[in-house]
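This report refers to the structure that appears directly beneath it.
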Amino acid sequence: MQPTRRAFLGGGLGLLGLGVAGCATSPAAPSSAAPTSSGPSRLLVVGAPARALTRDPARALDVESFRLIRQVFETLLGVDPDTGAPTPRLAERHEESDGGRLHTFHLVSGVVFDDGEPCDAAAVVANIERWAAAPAPVDGTVAPPSSFVSAFGGYAGDADSAFAGVEARGELEVRLRLHSPRRHLAAALASPAFAISSPASWDRTVDVDGSEVTTPAGTGPYRWADAAETAELTRAHPGASGATILVPSARHRGSDPAAYPVAVQAWGRASVRLRELRRGTADVIDVVAPGQLRPLVEAGTQVLPRDPLGVLYVGMNLDHPRVRSQYLRQAIAYAVDRPRIAGSDVFLEGTRLAHDLVPPSLGVGDEEARRYDVNPGRAREFLRLAGYDGEPLEFLYPAGTARPSL
C-alpha cells in the first residue's frame, strides 16, 4: 500500500526537521488528501521561512541550512527525542575513559556515503581534523563563529582548546583525545554542525542558479538532487523552480523515507507561505504565525503543534576592557533578576530558569553547576573588586540574524 500524504506528514515531519528553528510555532499542511503514487513524478513541497546558506555542515551556522543538512548527513551520535540524551548514530557505541579526556567511537560497519566512498574511521578522523583547523585569516574580516570552538574552547593548537588530537584505530574505531574533559561533548556532537561528510566530496560543486555550490555527500536518508534530476522535477512541477531538491538516497542503510523527492522553497513572508499552501503549491509550511492559526484550523488545515523551546543567553565579550574582568561578569550574573524576567509577559507561562549552558528540558545539565541567584549585595561587592566606576557598557542585539525565532 502506498503511503498517503497524511501518513507521510505524520511520520515524516520529524525526519524533515520541521520546527527545529521555531519558537512556539507550528508546521501546517492540508488536512485531507487522496493517496498519491510514489516515484520521481511525485514531489513534496515544503515552504520554509528562509533560504539555506550552505550545504556543507562544516560551514553551517544558520537554522535553514541545518534543516536540510539533517536529511542528507548523519552525526556520530544522535539525540533521544524524549530526553535529549545522546544516542548511537554512525557510532554504534561511545566510551569515555581517562577521566573524560578520551572518547572512543566504534562505528557502524558497512556504512557508505552517497558518493560510494566508505564511511570509516579514516573519513571520520578527516572530518574532525577539518573542524579543528582554524580558518585562514582574511584581511579586514572577522572570523565567523565556529561550532567547534563552542564545543572545544578553541581550534587545534589554541591555548584554550581542549582538543588534543584524533586518530583511527583500525577501520571502525576513532579515538578523540582532550586536554581537559568537556561535559557536554557527546551532546554537542549530535548537532548537525558536526555531521560527517565524505572527504572525497568536499570539492564537489553543483550549479545552483548560475553559482557553483559546494555539495558534499552524506549518509542520510536523502541526498542532494543532481542537475538532471532537478531539471526533470522542475519541468514536471514548475512551482519547484528555485527550490532546493532532495531525493531519497539508495545507499542509506536505514529505512527509506516515505519516499518522495522533497523541494524546500524559501518563502520569507508568513503570508506568502500561507498563500502557497492555500493555492496547493505547497504541501507543508513551517513557522505559522499566531494570527494565522485560527483561520487555518477553521479551514480544515492540519496543524501540528510543537512544544515551545526558546533560550535566552547573555553573552560576555571578553575582548572588552571592562568585561574581561571575571569580577565584573560575576557581578552581572548576580545582578540580572532572572526570575522576574522569566515571569514577565515576554516569556510563556511555565518558563524555567537554566543554571547551566544547556536548558534543563534537555535533561543533560549538571546539578552541581554554580548558581548565580539574584543578589544585589554580592553584585555590588564584585563591582567593587572589579574596580568598576559606573562607565557605560555597550549592549549589542544580534540584528540581521537568519533565525526565524528572532
Side-chain angles (χ1 to χ4, degrees), residues 8-9 12-23 25-30 43-57 59-73 144 192-193 195 205-216 218 220 222-227 229-247 257 260-289 291-292 296 301 303-304 306 398-406:
F8 182 91
L9 294 174
L13 282 174
L15 176 69
L16 283 171
L18 295 178
V20 169
C23 218
T25 55
S26 307
L43 188 70
L44 186 82
V45 179
V46 177
R51 181 178 295 278
L53 300 181
T54 182
R55 297 181 176 187
D56 186 347
R59 304 290 180 256
L61 293 168
D62 61 296
V63 170
E64 294 308 318
S65 293
F66 288 152
R67 181 196 298 273
L68 302 180
I69 284 168
R70 287 181 182 276
Q71 320 323 316
V72 176
F73 304 92
T205 61
V206 171
D207 183 270
V208 178
D209 297 331
S211 299
E212 292 299 314
V213 176
T214 301
T215 305
Y222 284 91
R223 60 176 175 81
W224 311 106
D226 60 32
E229 291 166 330
T230 298
E232 177 187 355
L233 287 164
T234 300
R235 281 194 301 269
H237 304 274
S241 179
T244 300
I245 298 179
L246 307 178
V247 295
Y260 308 120
V262 178
V264 181
Q265 281 282 17
W267 291 314
R269 293 182 178 273
S271 59
V272 174
R273 296 196 296 277
L274 179 60
R275 181 192 68 199
E276 299 304 320
L277 182 71
R278 287 173 169 168
R279 284 180 173 178
T281 307
D283 298 300
V284 183
I285 61 174
D286 192 28
V287 189
V288 175
Q292 297 173 338
L296 281 170
T301 306
V303 180
L304 305 179
R306 65 172 66 87
T401 178
R403 297 178 183 271
S405 56
L406 294 179

- Val247 vs Tyr222, side chain to side chain contact (heavy atoms under 4.5 Å, CB included): CA-CA, chis, key distance, verdict: CA-CA 5 Å; Val247 295; Tyr222 284 91; 5.5 Å; no

- Nearest heavy-atom contact between Leu43 and Ala263 is CD2-CB, 3.8 Å

- So CG of Asp226 and CG of Asp207: to nearest 0.5 Å the spacing works out to 12.5 Å

- Which atom of Leu277 lies closest to which atom of Val284, heavy atoms considered: CD1-N, 4.4 Å

- Query: Should Arg235 and Glu232 be marked as a salt bridge (charged side-chain N to carboxylate O under 4.0 Å, His left out) after you check the CA-CA gap, both sets of side-chain angles, and the distance that decides it?
  - Reply: CA-CA 5 Å; Arg235 281 194 301 269; Glu232 177 187 355; 5.8 Å; no

- Message: Distance check, rounded to the nearest 0.5 Å: Leu61 atom CG versus Leu53 atom CG?
- Response: 8.5 Å

- Polar side-chain atom of Arg273 near backbone of Ala282 as donor-acceptor pair, under 3.5 Å: no

- Message: Using every non-hydrogen atom in the two residues, find where Phe73 and Gly218 come nearest and quote the distance to one decimal.
- Response: CD2-CA, 3.5 Å

- Message: How close do Pro192 and Pro57 get, counting heavy atoms only, and between which atoms?
- Response: O-CB, 3.5 Å

- Query: After noting the C-alpha distance and the side-chain angles of Val72 and Arg55, does the key distance pass the side chain to side chain contact (heavy atoms under 4.5 Å, CB included) rule?
  - Reply: CA-CA 9 Å; Val72 176; Arg55 297 181 176 187; over 6 Å; no

- Answer yes or no: is there a donor N or O on one side and an acceptor on the other, between the side chain of Gln265 and the main chain of Ser241, under 3.5 Å? yes

- Qualifying residues under salt bridge (Lys or Arg N to Asp or Glu O under 4.0 Å), relative to Arg223, sequence neighbours excluded: Glu229

- State whether the side chain of Thr215 and the backbone N or O of Val213 hold a donor-acceptor pair below 3.5 Å, judged by distance alone. yes

- Query: Do Thr230 and Val208 have side chains that get closer than 4.5 Å, going by heavy atoms?
  - Reply: no

- Nearest 0.5 Å, what's the CG-CD1 distance between Leu44 and Ile245? 12.0 Å

- Message: Would you compute the distance between atom CZ of Arg59 and atom CD1 of Ile69 and round it to the nearest 0.5 angstrom?
- Response: 11.5 Å

- Message: By the definition side-chain hydrogen bond (donor to acceptor under 3.5 Å, both in side chains), identify the one residue from His237, Glu276, Arg275 that meets it with Thr281.
- Response: Glu276

- Message: Once rounded to the nearest 0.5 Å, what's the spacing between atom OG1 of Thr301 and atom CD1 of Ile285?
- Response: 8.0 Å

- Minimum heavy-atom distance between Ala60 and Thr54, given as atom pair plus value: CA-CG2, 3.5 Å

